[in-house]
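Here the structure is a predicted model, which means the values were calculated and not measured.
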Amino acid sequence: MHTSGWVVTFVDDPALARGAQLELASAGPFTLGESLGCRRAVTLEASDPQTAHDWHEWVQALPGIEGVEVVFVHWDDCDHEVAHAGA
């Protein structure tokens with residue numbers, strides 16, 4: 001599983017920004033977080049890094065999107081629990 005946290009910046013056009021947010025909400029792999037002005041937190045869960053990259057490119061190309069900043073990435077290639085120091 002590949003989990004990414006993004007900050008998506010929308011253009012300063014309410015109709016285009018609203019359309020882009022509706023596209024994100026209906027796309028499936030996204031969880032939309034809080035908005036702060038023209039920015040919104042978005043979480044993506046994908047099966048692998050290439051799929052996450054493809055979704056990033058798709059979002060970046062949507063009308064109404066000014067930019068997508070990746071602020072967090074976590075992937076888990078293991079099917080078993082990993083012991084951590086102190087655990």
*Hey, would you say the Trp6 and Phe72 ring centroids sit under 6.0 Å apart?*
no
*Please work out which of the three classes, parallel, tilted or perpendicular, describes the rings of His56 and His53, given edges at 30° and 60°.*
parallel
*Which atoms form the tightest heavy-atom contact between Ala20 and Pro63, and what is the distance?*
CB-O, 3.5 Å
*Measure the spacing between OG1 of Thr9 and CZ of Arg39 and express it to the nearest 0.5 Å.*
4.5 Å
*Evaluate the side-chain proximity of Asp48 to Trp75: yes if any heavy-atom separation is below 4.5 Å, no if none is.*
no
*Side chains of Phe10 and Glu66: closer than 4.5 Å at any heavy-atom pair?*
no
*Closest heavy-atom contact between His2 and Ala52?*
CD2-CB, 3.2 Å
_Pro29 side chain reached by Glu45 side chain, heavy atoms, under 4.5 Å_ = no
*Is there a path of hydrophobic side-chain contacts, each under 4.5 Å between heavy atoms of I, L, V, M, F, W or Y residues, that connects Val73 with Trp55?*
yes
_Any non-hydrogen side-chain atom of Leu32 less than 4.5 Å from a side-chain atom of Leu24?_
yes
_Val11 side chain near Ile65 side chain, heavy-atom distance below 4.5 Å_ = no
*Hey, are the side chains of Arg40 and Glu34 touching, using non-hydrogen atoms and a 4.5 Å cut-off?*
no
*Is a donor on one side and an acceptor on the other found under 3.5 Å between the side chain of Glu23 and the backbone of Leu62?*
no
*Examine Val70 and Leu44 and state if one hydrophobic cluster contains both, with Ile, Leu, Val, Met, Phe, Trp and Tyr joined whenever side-chain heavy atoms are less than 4.5 Å apart.*
yes
*asked:* Is a donor from one side chain sitting under 3.5 angstrom from an acceptor on the other, for Asp54 and Thr51?
replied: no
*asked:* For Gln21 versus Ser35, what's the shortest heavy-atom pair and its separation?
replied: OE1-OG, 4.4 Å
